[in-house]
Amino acid sequence: MTVIEVKNLTKKYGNLKAVDGLSLSVAKGEIFGMLGPNGAGKSTTFEIITGILRRDAGDVKVLGVDPEKQPAAVKTRIGVQLQAAQTFSKLTVEETLKLFAGFYPNPLPVEETMARLDLLEKKNSRVETLSGGQRQRLAVAIAIISNGEIIFLDEPTVGLDPQARRNLWGAILELKDAGKTVFLTTHFMEEAQNLCDRVAIIDYGRVVALGTPQELISAHFQEMSLELVQPELRNEPKLRELTSVTEVVQLNDHTVLRTPNLTATIQELSALVNTLGIKLDDFRIRQANLEDVFLKLTGRRISQ
Amino acid sequence: MKAFFQLLTANMKEIFRDRMQLWWFILFPVLFVTGFGVVYSGVVNPAAGDETMKFEVSIVNEEEGAFAAAITGAFMEVPEFAVQTRRKKEALQEFAEGKTGLVLILPAELEALPVAAGDLIKENRKIEIPVYCRPDKMFLMYGVNKILSGAEKEVLGQPSVMEIKLNTAVTHEDGLDINGGNDTGFNTIDYILPGVLAMTIMQLGLFGSIRVLALRVTRILKLLGATPLPRGMYLAGEILIRVGLSFIQALIVIVIGHYWFGLTLANNWLYIAGWVLLGTAAFVSMGYMFTTFAKTVESGNAIMQLAQLLMMFLSGIFMPLDFIPGYLRAVMRFMPLSYLADGMRYAIAGNPSLYGITTDLAVLLGLTILCLIITVKRFRWE
Ligand SMILES: Nc1ncnc2c1ncn2[C@@H]1O[C@H](COP(=O)(O)OP(=O)(O)OP(=O)(O)O)[C@@H](O)[C@H]1O
Ligand SMILES: [Mg+2]
């Protein structure tokens, strides 16, 4: 069952097309991610779908309802965390959650929500005294407490340390187990890859690829990636002459070789470094990831 | 509705947990009234007689009859009273100006008394004797009572058909034409303190509105917009709190002013509350209008500061009118605060209106409507 349906969505700011003919659909119960670099149009799309912004063209249906025409009907059934939105600074964590719980017809218990996001310890602290990561968790808690059928999270893990990020992923997976749909945006490749059932890669307001992370990767890469970090090998032209290598990508801090035959490439590489008179002492082998997909599709990296 | 009250409480917590807000909106008015009260209460009060232990009493005989003459005579016999007979209008004018502390009005009906008393008692009716007495001269009422009931007893044999109707100030109901720039001799406190209240209401309206800017910058407004809460509800709550704070301010200024500094209370609370409400409406909407021209809290603050300084010093609220030069009086006409202060002086202390009460009302209402229109046109949630 489709819970979000977006067709040819367009939103302009002056001459800038922040969203440019974007289409996607999200099924009930999945964790759907929009992955893209800064300014790609993720938040704009997000805010149109959640009924905060008006669109210029296109169709949007959330739970079968147009959020622009019947915002109230949509808003009672979803929970939202906005990028960089703060909450009342003089209220405590518990007061804040009680306040927001009061806006929804059938909210989760405050205590349980705090427990899910590790906020129990900070229950009586004022928001102004919370750390960045704690505030971020409170923002997600506000979305979750709505007990909405779809939980919308705009960059939920920004500012979290790796441990807290993993905990939050756990909380998001719990939502899925409870039958909720989760729609999130991120510019962390790992987040999209590890957490999301399906991912839309966004660039310049358009969907450049859409599917499960594995589908996206295997659609674009049969090869493995071999990353060389040694400065001596930077921009080495002979790398392109290795017969088993299908593609060489030079990035700022490392060089990526793509290969369908890892053993052959490593042998060729050893021979090459021998002739160059250097030692091969640092390289990484990995499968292609969504970052590679983005790179291949746009020629740029998602982050920096 | 439940959500609305929760939001209201949340908002109140935000305000009351913020020392600065409390300072501005509660403590500041207290300091202001006390300060101005102390400064001005010593200076002017032309109400005479306190030192010599003679109290000016004006008696108005609506009909020069024998009964009224008898009562007047009884008053004259009291050595502490300096009695003068006056026409009603003059007497009330002098009372309003603080020249006399006590006015006794003997209605024409009294002359029929010896004959009509029986009918009155049968019909259980009484004749009202209006008495105007300043709050600080209340002790005189004992004597007034005694003299009146004595006179009644002498004539009728029983004190039961006259009833004193006590007023502490001249009100707009007295039909007195106190409009027209007769600005000498008024109690300075009565001039200054209502102006101070007008000023605190203005400040609350202007600076209170800045909060909406802070909420926009921190995207709290947007977040609220993502919840099912109707967006206007947030603003409604904010405005309600502002109105509440205005009433608290008014109460502070009036209570301190009245009990410590002898501020005259010429009208009932409801009438005064109406003016407070109108003033709040005008300046809250003015504040919101200004916020639509600012992107950040800082620029909002700058606009409000400018507006408040202009109005504070060019509305003549800090100076008794006698000291205000002509050119400033001309400038005052362009300051909205002048009209609120004028209305407040009339509403609270019964001071004559400079511009006319209808003008005050029209200006404030017009301002409210104009600012609301601009605000609604320009307001952005994000
Ligand atoms: N209110 C606005 N006025 C003008 N331009 C805007 C506005 N909001 C967004 N934009 C522009 O629209 C484009 C898309 O912005 P958006 O916030 O949707 O990007 P994003 O993908 O969420 O980026 P990020 O990862 O940085 O959050 C950007 O170029 C941004 O500058
Ligand atoms: Mg964004």
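On a predicted model such as this, the values are computed, not experimentally measured, just so you know. Residue numbers start from 1 in every chain, and the chains themselves are labelled A, B, ... in the order their sequence lines are given, proteins ahead of strands.
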Exercise. Side chain, backbone, both or neither: which part of Arg126(A) has a heavy atom under 4.5 Å from chain B?
Worked result: side chain
Problem set entry | Best-contacting candidate, Asp18(B), Thr9(B), Leu224(B), Leu223(B), against chain A by heavy atom pairs under 4.5 angstrom | Leu223(B)
Exercise. For the candidates Ala226(B), Ala3(B), Ala10(B), which exhibits the highest count of non-hydrogen atom pairs separated by less than 4.5 Å from chain A?
Worked result: Ala226(B)
Exercise. So among Arg54(A), Arg55(A), Lys7(A), Lys61(A), which one has a salt bridge (charged side-chain N to carboxylate O under 4.0 Å, His left out) with Asp66(A)?
Worked result: Arg55(A)
For this session: Give a yes/no verdict on a cation-pi contact between Arg165(A) and Phe188(A), requiring under 6.0 Å between NZ or CZ and the six-membered ring centre and an angle within 45° of the axis.
Result: yes
Exercise. Judged by atom type as modelled, is there a donor-acceptor pair below 3.5 Å linking the side chain of Gln81(A) to the main-chain atoms of Asp154(A)?
Worked result: yes
For this session: Tell me, out of Glu47(A), Lys98(A), Lys90(A), who's got the most heavy-atom pairs with chain B below 4.5 Å.
Result: Lys90(A)
For this session: Side chain from CB out, backbone as N, CA, C, O: work out which of these in Ser146(A) comes under 4.5 Å of a heavy atom of chain B, or both, or neither.
Result: neither
Exercise. Mind checking whether Phe46(A) and Phe152(A) have ring centres under 6.0 Å apart?
Worked result: yes
Problem set entry | Between Phe100(A) and Phe103(A), ring centroids under 6.0 Å | yes
Exercise. Quick one: what part of Arg216(B) sits under 4.5 Å from any heavy atom of chain A, side chain, backbone, both or neither?
Worked result: neither
Problem set entry | Leading residue by heavy atom contact count with chain B [cutoff under 4.5 Å; candidates Thr76(A), Ile142(A), Val74(A), Thr50(A)] | Thr76(A)
Exercise. Would you find a donor on one side and an acceptor on the other, under 3.5 Å apart, between the side chain of Thr185(A) and the backbone of Glu155(A)?
Worked result: yes
Exercise. What part of Leu215(B) gets closer than 4.5 Å to chain A, counting heavy atoms only: side chain, backbone, both or neither?
Worked result: side chain
